[in-house]
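Each remark here refers to the structure printed beneath this line.
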Amino acid sequence: MDFNLSGEQQALADSVARFTARDYSFEARRRLIEAGTGLDPQHWQTFAELGWLGAGLAEDAGGYGGGPVENMIIMEGFGRTLVLEPFLPVALFAAQTLAALPASALRDELLTGIVAGDALIVPAHGELAARGAPDHVETTFANGRITGTKSLVIGGHAATQLIVSARSTEGIGLYLVDPAADGVSARRYRLLDNQHAADLQFDEAPVLETLAHPGEGLAAISTGLAHTLTGLCSEAVGAMDTAIRMTRDYITTRRQFGTTLSTFQALQHRMADMLVEMELSRSILYQGIAALDQPGASRDRGLAAMKAIVSSAALFVGRSAVQLHGGIGMTEELAIGHTYRRLFVIAGQFGGESLHLKTLAGLPRSFWQETTSPAAC
Amino acid sequence: MDFNLSGEQQALADSVARFTARDYSFEARRRLIEAGTGLDPQHWQTFAELGWLGAGLAEDAGGYGGGPVENMIIMEGFGRTLVLEPFLPVALFAAQTLAALPASALRDELLTGIVAGDALIVPAHGELAARGAPDHVETTFANGRITGTKSLVIGGHAATQLIVSARSTEGIGLYLVDPAADGVSARRYRLLDNQHAADLQFDEAPVLETLAHPGEGLAAISTGLAHTLTGLCSEAVGAMDTAIRMTRDYITTRRQFGTTLSTFQALQHRMADMLVEMELSRSILYQGIAALDQPGASRDRGLAAMKAIVSSAALFVGRSAVQLHGGIGMTEELAIGHTYRRLFVIAGQFGGESLHLKTLAGLPRSFWQETTSPAAC
Amino acid sequence: MNFDIAPEDEAFRAEVRAFITAHLPPDIARRGQHDYHSAREDVQRWMRILNAKGWSAPHWPARFGGTDWSPLRKYIFQDELRRARAPVLDRCALDLLGPVLCTFGSPQQQARFLPPILNGDEWWCQGFSEPGSGSDLASLRTRADLDGDHYIVNGQKIWTSEAHYADWIFALVRTDQTVKPQAGISFLLIDMKSPGIVRRPIWSIDEGLTLNEVFFDNVRVPAENLIGEPGSGWGYAKFLLTHERTTSAVVSHTKRDVDQVRHLAAHARAGDGLLIDEPAFAAKLARLEAEVIALEWSVMRVLHAAEHDAAGNAVASLLKLRGSELSERAALLAAEALGDHGLAAMPDPEGHHILHGDGLSPGLTDDEAIGVTAKAMFRRATTIYGGASEIQRTLIAKSILGL
Amino acid sequence: MNFDIAPEDEAFRAEVRAFITAHLPPDIARRGQHDYHSAREDVQRWMRILNAKGWSAPHWPARFGGTDWSPLRKYIFQDELRRARAPVLDRCALDLLGPVLCTFGSPQQQARFLPPILNGDEWWCQGFSEPGSGSDLASLRTRADLDGDHYIVNGQKIWTSEAHYADWIFALVRTDQTVKPQAGISFLLIDMKSPGIVRRPIWSIDEGLTLNEVFFDNVRVPAENLIGEPGSGWGYAKFLLTHERTTSAVVSHTKRDVDQVRHLAAHARAGDGLLIDEPAFAAKLARLEAEVIALEWSVMRVLHAAEHDAAGNAVASLLKLRGSELSERAALLAAEALGDHGLAAMPDPEGHHILHGDGLSPGLTDDEAIGVTAKAMFRRATTIYGGASEIQRTLIAKSILGL
């Protein structure tokens with residue numbers, strides 16, 4: 001075990017910090033929101049050039065040989081400044097789903113496109129009734145066509161290709177679909193944090209390619225989702241850390257009743273609890289990353305525990321940060337409200353605390369049961 | 001609506017306060033604990049002489065014409081000084097169960113015995129697997145005999161007669177059983193708050209009388225239980241109020257770090273939350289008492305809401321009171337620990353927060369649906 | 001003690017409900033299901049209907065156009081309005097300014113200002129908070145200097161709700177710089193059309209507009225618009241803030257929201273079943289419901305308590321603290337009920353004030369679902385405004401517990 | 001970064017587990033399932049077995065009978081002891097006094113005192129707290145005045161854990177009344193058999209005995225029993241309190257407790273099913289489990305952090321705060337799992353110290369259920385002792401956040 005960044009990892013973190021400092025000031029981000037796309041092509045190009053789109057991808061999958069830690073570093077940095085581009089669905093969800101499939105010319109071509117920044121491929125997997133449960137897929141596949149509705153496809157409005165999960169009698173398969181094809185319609189919307197997403201409706205939409213045959217798709221998309229969850233929780237940790245820092249700065253300068261707010265013990269204690277929630281989130285994030293290598297149930301347990309903790313921490317820290325800012329925290333003009341909105345979205349995305357506690361409860365075991373690794377502890 | 005005590009009710013409250021001041025000092029209570037019975041016959045005689053055993057019982061049921069408010073007044077007073085005698089199971093649970101049965105010579109004789117203080121009749125209804133659910137009865141009745149095990153029968157060690165709920169193919173009936181009969185064995189124990197209880201095992205135990213025929217028992221025992229729940233929550237409110245008062249007195253006198261503890265804002269805020277929990281408990285207790293008159297589902301809903309709130313409040317206030325006392329709060333020598341233990345028992349007795357939220361969730365309705373009474377609001 | 005509601009009060013509730021059912025325009029009722037602040041036109045139409053019935057401001061004294069209803073009946077009236085999703089009225093004018101005018105205003109002021117309030121003709125906003133004086137009103141700096149028969153007002157107010165709608169503002173201004181901070185404050189009525197007033201919208205995190213900054217630059221205000229005595233403004237403000245002891249519980253609003261959550265959960269699919277049948281969600285909803293019941297019965301206790309009753313004050317002190325928490329909890333739970341769509345921005349499609357007028361919103365057909373997430377964001381403010389929860393706890397500790 | 005445990009460390013865990021399985025006497029293991037403090041005889045037998053293996057105090061330096069295990073291995077060792085429900089060893093001697101003696105003791109003191117600790121022959125208690133100096137140690141008043149080659153000790157200690165078992169006490173005493181409060185404190189080892197020492201048991205709300213008052217009335221203590229320099233006791237105490245940054249998390253204890261809750265819930269009937277299948281209970285257990293995982297990974301981070309690493313300190317600061325909360329939560333949940341029996345008093349049937357020796361307890365046959373409610377009551381103290389949660393939060397706010 002080693003909880004320190006390697007030299008290369010530190011360089012990556014520094015690189016992310018330089019990018020966000022330059023391109024993601026509060027004002028720059030506001031302009032991007034007003035532009036109404038949630039995606040700056042130049043940013044995406046930068047992601048490709050700096051190798052971030054393949055930083056967490058194994059070499060045999062067309063990446064640069066890093067892993068979930070590299071993705072954690074990027075996503076944590078993105079969480080600090082609330083990056084809007086759909087990095088998570090493309091570079092984690094789609095890429096790791098593809099990487100979990102057997103190598104093939106098609107797979108490798110798609111991955112190459114992602115890493116190069118040419119292909120903005122996103123999975124269309126979640127559905128409203130699933131509420132975050134990865135195996136609830138009602139969308140159907142039959143005769144080369146897809147029918148059903150996928151919800152909250154982040155980046156779905158700008159995707160070049162879609163990886164659609166669909167069920168047939170033999171189980172869940174994964175299919176490549178052209179979002180511009182007949183039978184595909186998108187209801188685009190913004191999330192509370194100004195990311196852009198879409199609900200995608202497939203009405204006998206034609207499949208370009210079969211990526212995973214029926215019965216073989218769930219494992220791959222679940223692996224992609226597992227990486228996505230750790231990326232999302234990394235983002236949460238970055239956003240929480242920023243929220244705490246901003247709140248500390250605010251209450252140490254803001255004066256009321258003849259003193260700074262930071263002298264009030266109730267506020268001090270609330271900030272202590274915020275810090276604790278953030279650190280526990282980071283701890284269980286590490287655990288989640290370690291769990292990615294574990295066999296099925298162990299992995300799912302570790303990820304469920306992680307998301308349950310991080311979801312509640314994100315809400316607590318976000319709500320508390322606004323509370324301690326007082327009225328000014330409620331305004332669009334201040335960054336803290338945007339951080340809260342991002343944390344709110346993260347808390348619910350891919351299932352909130354309740355769902356993941358239910359998952360965890362359904363996979364019981366002793367702390368010492370399976371292996372001796374703290375990953376399973 | 002009138003939230004003030006009437007003159008008679010105030011006199012009753014004063015009478016209870018005089019009794020507890022005289023007979024239930026901390027030292028007197030400690031001696032009663034050491035005596036090892038949890039029941040002082042002189043106290044019981046006093047209860048009878050002052051009319052408390054029939055204070056909440058209608059006149060046509062042999063009582064003095066009061067109702068749940070009278071029982072509330074007594075139980076709240078008992079909660080303040082942690083009275084140990086099994087007043088609740090006898091004067092509320094047993095008496096109100098009997099009062100809910102059709103009048104009969106037997107019923108009236110039993111009620112007369114209770115009110116006179118001669119008969120210490122307690123229901124043996126709860127079972128381990130029921131976990132507070134009133135309708136889970138596995139104990140069976142067949143051929144005039146009872147078989148099964150009842151748990152947590154408070155006062156069961158000293159009962160003169162038992163009202164046993166038991167199931168046969170036609171439903172749940174209620175049966176009068178002599179605790180000294182063959183086939184009845186008691187495992188006596190103390191609760192954490194030093195009340196005495198027993199698990200009662202019936203092994204083909206003979207029935208003295210049938211109180212409610214199969215299928216007619218559940219309604220009566222549920223009514224008895226409903227009154228018991230409001231009595232228990234009254235006791236909780238009294239105990240919480242005392243805990244808050246003792247804690248306030250402690251932190252306003254105890255000095256640390258050169259000042260009194262009461263000057264620390266974190267402690268002030270915790271005490272504010274304790275007060276709020278207590279007042280909300282009192283409010284929902286009133287609601288629960290109003291609900292006693294409502295038809296079936298409305299009553300059960302009101303009582304479930306009440307017990308859920310009071311259970312969590314009791315734990316919060318009790319735990320917080322010990323916390324604010326610090327180490328001294330953990331000792332047998334101080335009253336506050338005993339108050340916590342009583343509040344802990346109340347929180348779990350007849351089902352804790354989870355059970356009652358489940359009950360409430362199972363009986364949904366709009367706030368404005370049924371009647372316009374705040375009792376159903 | 002008697003916890004039963006009188007039959008006459010039940011009959012009164014039925015009467016109110018029947019009136020609302022008969023008179024609330026269906027289009028307004030439908031928009032009332034959405035979780036946005038009502039547009040001025042809707043409020044105005046509804047106020048005129050109520051005013052025709054004499055029900056615009058039941059809590060005012062009857063001689064000023066109010067009623068002599070008991071506190072319980074006033075509560076029932078408001079409760080039925082929320083149940084029906086009727087527009088929330090101009091609270092600044094009706095609940096805050098109105099009682100001050102009725103009590104401390106001159107007959108001329110009463111005659112001039114009360115009738116247009118009752119009819120929804122003139123709208124008001126409250127100018128108390130200033131930058132740098134969040135929960136600490138005594139430090140306010142906006143000044144009004146007498147110049148002949150006019151005051152010249154200079155300064156800035158902030159967090160001014162609905163100032164973009166308002167025709168008038170009632171403001172706390174400092175008319176005497178020489179005395180102790182609280183003693184130099186006066187209560188002044190200012191026409192928002194006066195030259196020198198500038199409003200700046202403050203967009204909030206729900207992407208909606210309710211708050212504003214208001215700047216005063218040598219604004220001339222007739223001296224006759226000062227309420228009562230100069231230097232007594234602090235007392236009127238305290239009267240105003242404590243006059244209604246139960247509205248801060250917003251309990252009827254939250255009851256409406258709990259019903260909304262139940263509706264949404266009963267229509268939201270969760271796996272192969274419905275969300276309402278998911279034990280974890282059902283338990284959260286039940287817990288919320290139980291807490292709202294406890295809150296409402298606390299309101300009942302206060303409504304029936306004498307004004308200076310110590311026990312009543314103890315209960316009253318919790319209403320804002322817990323009421324605001326439950327208000328946000330209900331909104332968050334409604335958003336959770338919407339699942340994926342509970343993460344989407346929902347700017348008011350029919351509103352006049354939209355920060356991002358891009359029309360991007362998920363395709364919702366259930367009126368009860370529209371605006372839910374905007375409300376969830378907006379309600380983050382409930383434990384901040386009107387005395388933050390931290391202030392409330394300190395108040396309880398000091399005034400009720402004597403710490 | 002690398003979050004995988006090394007294979008050699010996994011092998012080490014297997015080795016420890018195998019040793020414990022082979023050597024922990026079955027009767028002790030059975031009693032270890034009960035939720036009471038272990039009796040001295042059990043601890044002593046077990047310590048001698050460990051000592052024969054050289055494992056009594058792995059965290060001491062090897063030259064004093066400890067090991068050179070990595071922090072992770074020391075953790076794994078303790079973790080396996082808890083898993084096996086082995087008796088909790090004499091923590092005062094091993095974890096608190098031992099490191100002080102090893103670091104600041106004279107060679108004579110080390111030779112005299114360390115071996116009997118390792119073999120469980122001499123037991124220690126800690127005399128820090130005094131009446132009136134709960135979390136405020138600098139105000140202590142017990143004094144030790146030099147009289148030739150002896151100190152004369154007068155005063156009183158309180159909250160002295162296991163003093164009824166202890167052969168010796170290490171105490172903070174004031175040897176200099178003339179200097180600033182913290183500068184006059186020394187660290188003294190006192191034989192509990194000395195004339196003038198009186199112990200008074202403090203029964204706690206679990207009806208058990210772990211705490212005592214200790215009174216000193218002109219107790220003569222050889223001056224050679226003073227550790228290090230006179231007046232430096234405050235520094236040694238701080239060393240002792242911060243030496244082990246992770247034990248205050250009691251995470252292995254709570255892991256054991258979570259397993260216990262799962263066992264109890266899997267055997268407890270609830271209606272027609274099992275409690276473990278009740279969604280509300282299962283969710284509470286899952287939430288607890290997830291928090292314990294987060295806590296354990298926080299421990300991992302501290303174990304692998306350099307001693308003065310700022311990030312490590314931030315994490316270390318939460319271990320006591322959250323560890324103590326989870327410890328109580330686990331015990332409360334275990335009691336809840338027992339249903340009606342979770343409300344019953346359970347004085348230790350095999351214990352030597354019972355307040356009410358009436359033997360009244362429900363008929364429990366599952367060893368894992370015995371003592372559960374006593375533990376639930378005792379654990380109320382976890383957020384109080386060793387720096388109450390309020391103190392911990394203030395520490396975090398000040399030292400980590402700089403407020």
Side-chain angles (χ1 to χ4, degrees), chain A residues 1-6 9 69 72-73 244 248 251-252 262-263 265 267-276 279-287 289-291 293 301-302 304-306 308-309 312-313 353-354 356-362 364-369 371-375 377, chain D residues 1-6 9-14 17 72 76 79-80 83 252 255-256 258-259 262-263 266 276 279 282-287 289-301 303-305 311-312 314-315 317-318 321-322 390 392-398 400-403:
Chain A
M1 283 187 159
D2 178 1
F3 291 90
N4 299 303
L5 297 178
S6 70
Q9 290 167 340
V69 172
M72 176 188 84
I73 291 165
I244 290 168
R248 184 191 58 194
I251 70 168
T252 50
S262 58
T263 60
Q265 193 179 42
L267 275 51
Q268 294 175 354
H269 284 198
R270 175 84 84 112
M271 283 223 68
D273 284 333
M274 291 162 69
L275 183 83
V276 168
E279 290 292 354
L280 288 171
S281 294
R282 185 183 290 282
S283 297
I284 208 161
L285 165 64
Y286 293 163
Q287 177 270 162
I289 290 175
D293 291 335
R301 201 154 46 217
M306 173 188 71
I309 293 290
S312 62
E353 182 189 358
S354 293
H356 290 283
L357 288 183
K358 190 175 153 185
T359 303
L360 188 59
R365 63 90 181 70
S366 159
F367 277 103
W368 291 276
Q369 186 180 302
T371 92
T372 58
S373 157
C377 277
Chain D
M1 281 191 161
N2 166 22
F3 305 135
D4 298 327
I5 200 163
D9 290 324
E10 300 208 29
F12 172 79
R13 187 187 281 274
R17 189 176 295 187
L72 177 61
I76 289 172
D79 201 46
E80 286 295 319
R83 175 185 172 277
S252 298
K255 283 164 65 180
R256 178 264 180 201
V258 170
D259 277 2
R262 192 178 290 111
H263 167 88
I276 194 78
K284 271 194 270 194
L285 178 56
R287 174 76 206 180
E289 181 178 337
E291 291 188 56
V292 172
I293 293 172
L295 184 70
E296 180 166 44
W297 277 79
S298 300
V299 168
M300 289 296 135
R301 291 169 65 193
L303 288 178
H304 290 83
V315 185
S317 70
L318 70 83
L321 179 62
R322 283 307 174 91
E390 291 79 10
Q392 301 293 332
R393 287 195 177 87
T394 297
L395 273 174
I396 293 172
K398 294 195 183 298
I400 310 295
L401 289 164
L403 297 177

Could you measure the distance from the [atom1] atom of [X] to the [atom2] atom of [Y]? Nearest 0.5 Å is fine.
X	Y	atom1	atom2	value
A:Arg282	D:Arg301	CZ	CZ	6.0 Å
D:Asn2	A:Ile289	CG	CD1	11.5 Å
D:Leu285	A:Leu360	CG	CG	8.5 Å
A:Ile284	D:Glu291	CD1	CD	9.0 Å
D:Glu289	A:Arg365	CD	CZ	5.0 Å

- [ ] Pick one of side chain, backbone, both or neither for A:Met72, based on which atoms fall under 4.5 Å of a heavy atom in chain D.
- [x] side chain
Relative to chain D, which of [options] shows the most heavy atom pairs under 4.5 Å?
options	answer
A:Ala272, A:Ala361, A:Ser283	A:Ser283
A:Leu280, A:Leu275, A:Val69, A:Ile244	A:Leu280
A:Leu5, A:Thr252, A:Leu285	A:Leu5

TODO: Please state whether the rings of D:Trp297 and A:Phe3 are parallel, tilted or perpendicular, taking 30° and 60° as the class boundaries.
DONE: perpendicular
Is chain A contacted by the side chain of [X], its backbone, both, or neither, given a heavy-atom distance below 4.5 Å?
X	result
D:Leu401	both
D:Ile276	neither
D:Arg262	side chain
D:Gln392	neither
D:Lys284	neither

Open item on the list: For the interface with chain A, which of D:Ala286, D:Ala283, D:Ala282 has the highest count of heavy-atom pairs at distances below 4.5 Å?
Closed with: D:Ala286
Open item on the list: Let's test your reading of the structure: which of D:Ser317, D:Ser298, D:Ala6, D:Gly402 forms the most heavy-atom pairs below 4.5 Å with chain A?
Closed with: D:Ser298
Task: Beyond-backbone contact of D:Thr394 with A:His269, side-chain heavy atoms, under 4.5 angstrom - done: yes
Task: Close side-chain approach of A:Tyr286 and D:Met300, heavy atoms under 4.5 Å - done: no
Task: salt bridge (charged side-chain N to carboxylate O under 4.0 Å, His left out) against A:Glu353, all qualifying residues, sequence neighbours excluded - done: D:Arg287
Open item on the list: Suppose we screen for salt bridge (charged side-chain N to carboxylate O under 4.0 Å, His left out). Which residues come up paired with D:Arg322, at least two apart in sequence or across chains?
Closed with: A:Glu277, D:Glu325
Task: A:Gln268 side chain vs D:Leu403 backbone, donor-acceptor pair below 3.5 Å - done: no
TODO: For residues A:Phe367 and D:Asp259, report the shortest heavy-atom separation together with the two atoms involved.
DONE: N-OD1, 3.3 Å
